[in-house]
Amino acid sequence: MKEVRVRYAPSPTGDPHIGNIRSAIFNWLFAKNKKGKFLIRIEDTDQARLVENGIQKQKDSLKWFGLDWDEIYIQSERLKIYSKYAQQLLEDGSAYRCFATQEELDKLREKQKKSGRITRYDSRYRNYDPKLSKERSKAEPYVIRFKSPQKGITKCLDNIRGEIKFNNKEMDDFIIIKSDGYPTYHFANVIDDYLMNISHVMRAEEWLPSFPKHVNIYNSLNWEMPIFVHLPMILAPDKTKLSKRHGATSVEEFKQAGYLNSAMFNFLVLLGWALDDKTEFFTVEELIKVFDINKISKSPAIFNKEKLDWFNGRYILNSKYDDFAKEINNYFKQFLDIKKYKAIQNYNINDISIMIKERCKTLNDAIMLTEFLYQKPKFKSKYEIQIMCDNPEQCQTILTSSIESLNDIQEFTIENIESILKSLMTKLKVKPKNLLGTLRIIITNQKISPPIFNCLYILGKKESIKRIQFAIDYL
Ligand code: GLU
């Protein structure tokens with residue numbers, strides 16, 4: 001069998017969309033499974049849509065998911081190649097120059113619209129005299145158009161859908177080289193897939209309508225075609241195409257919202273692919289072993305945000321404490337402001353991991369759960385401090401005796417803190433809500449926080465006592 005060579009071909013026109021990354025993941029897994037090659041091809045021929053750092057953004061997203069590549073190409077550096085093949089098609093009559101101005105084309109559109117016809121180019125230069133065409137090309141701007149077949153059908157073979165037939169009557173003479181000399185997506189894409197020896201083209205279903213264009217270019221160049229696999233659409237739960245109005249869609253947004261790359265990887269693989277009807281959790285190594293393109297589904301995949309949250313929570317829960325420590329540290333480094341990040345560095349990140357891991361669904365939760373480390377409690381009224389107690393006197397007693405108890409601890413460990421505070425509760429005959437609830441408020445200023453014993457432990461004896469004293473002074 002021919003060596004497997006697949007590619008991810010992003011256009012650097014914005015923050016990578018998770019739909020694109022899903023394509024990258026499928027291609028990468030397939031390459032790894034077949035011990036083939038995974039290429040990146042930056043399709044930057046639409047100069048008007050490029051964004052700053054577009055290529056870097058693509059690379060960063062791939063790296064975040066651990067998708068390494070064997071070769072990388074940039075289409076804007078290959079213009080001569082496309083031009084050479086366009087010349088070849090011009091010479092053998094498979095393409096022609098079109099000199100229609102924008103104004104002319106606008107008029108044509110208007111006319112077609114008015115008479116209720118489909119708006120499209122009317123092939124007005126298709127039979128233009130080649131000599132005249134060459135002459136005019138020296139002085140006038142033009143585009144090169146492909147001579148699409150006007151009769152019959154174009155048969156396109158998709159690995160999942162089988163043979164798809166397109167009626168040639170519906171095809172127009174599309175542009176292959178624009179007036180700025182850049183190729184269009186359709187043309188550069190085909191030329192490159194062929195020259196780069198791509199064995200399988202796996203790309204989003206959105207490209208299915210363009211499929212016959214590509215097949216016709218292959219046919220006119222007499223080139224053997226790769227195997228095509230159009231990956232199912234990703235829809236939102238309301239069955240419309242997943243877009244901004246459904247929430248986060250770019251890799252960067254998910255990263256910022258605190259999703260783990262491992263959880264997202266696993267979740268994205270299941271959008272349009274399944275090993276069977278029950279297995280959901282896979283490591284990357286397992287996926288490399290079992291990934292099979294014949295199991296890619298034809299029907300659209302639904303992007304279920306609740307499921308992603310659940311997945312992420314499970315990944316966090318099952319992670320090792322020291323791995324989670326690294327994750328949160330990285331996350332804090334990127335998304336906390338520098339002052340807060342520095343303040344967090346005063347604490348042991350592994351202790352933080354132990355304190356919060358079970359309570360985090362996303363890494364973003366870690367920010368909220370650790371805020372108390374660098375934000376000293378502020379009170380608006382005495383009532384805030386006393387709220388968990390049965391009466392103000394009880395609150396006063398709890399606070400003063402907590403200081404004494406904590407002071408008595410020789411070795412300030414979580415276990416010792418827990419045991420001394422529990423005996424204090426018995427001694428004072430107060431409920432956990434009264435004592436632990438009050439401490440929670442004055443230590444963390446939050447009703448929900450990590451376990452209070454861990455909070456006290458991480459803050460340390462001195463700071464814990466200082467915060468209790470601060471509350472006493474406030475009363
Ligand atoms: N540049 C196209 C895109 O960003 C690539 C489609 C393909 O893989 O052929 O979707």
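Remember, it's 1-based here, ligands and their atoms both numbered in the order they're listed. Index from 1, following the sequence. In what follows, every heavy atom counts, from backbone to side chain, and hydrogens, waters and symmetry copies are set aside.
- Using cut-offs of 30° and 60° on the angle between ring planes, the pair Tyr194 and Trp223 is parallel.
- Residues Tyr125 and Ala100 share a closest heavy-atom pair of CE1-N, 3.5 Å.
- For a threshold of 3.5 Å applied to N or O pairs, the pair formed by Ala9 and ligand 1 contains at least one separation below that value.
- Note that CD of Gln88 is 10.5 Å distant from CG of Leu90, once rounded to the nearest 0.5 Å.
- No part of Val201 comes within 4.0 Å of ligand 1, judged by heavy-atom distances.
- The Glu43 neighbourhood of ligand 1 comprises atoms 1 (N), 2 (C), 5 (C), with distances under 4.0 Å to a heavy atom of that residue.
- The part of Tyr185 lying near ligand 1 is the side chain, judged by heavy-atom distances below 4.0 Å.
- A cation-pi arrangement is not found for Arg41 relative to Tyr73, the charged atom failing to lie both closer than 6.0 Å to the ring centre and inside a 45° cone about the ring normal.
- Residue Asn189 has at least one heavy-atom neighbour below 4.0 Å for each of these atoms of ligand 1: 7 (C), 9 (O).
- In terms of protein heavy-atom proximity, atom 10 (O) of ligand 1 is nearest to Trp207 NE1, 3.1 Å.
- A cation-pi contact, defined as under 6.0 Å to the ring centre and within 45° of the axis, is absent between Lys340 and Tyr374.
- Considering each of Met202, Gln75, His186, Arg7, the one bringing a non-hydrogen atom nearest atom 7 (C) of ligand 1 is Arg7.
- The atoms of ligand 1 that sit less than 4.0 Å from any heavy atom of Arg203 are 7 (C), 8 (O), 9 (O).
- For the pair Arg145 and Tyr96, the cation-pi test (distance below 6.0 Å, angle within 45°) is failed.
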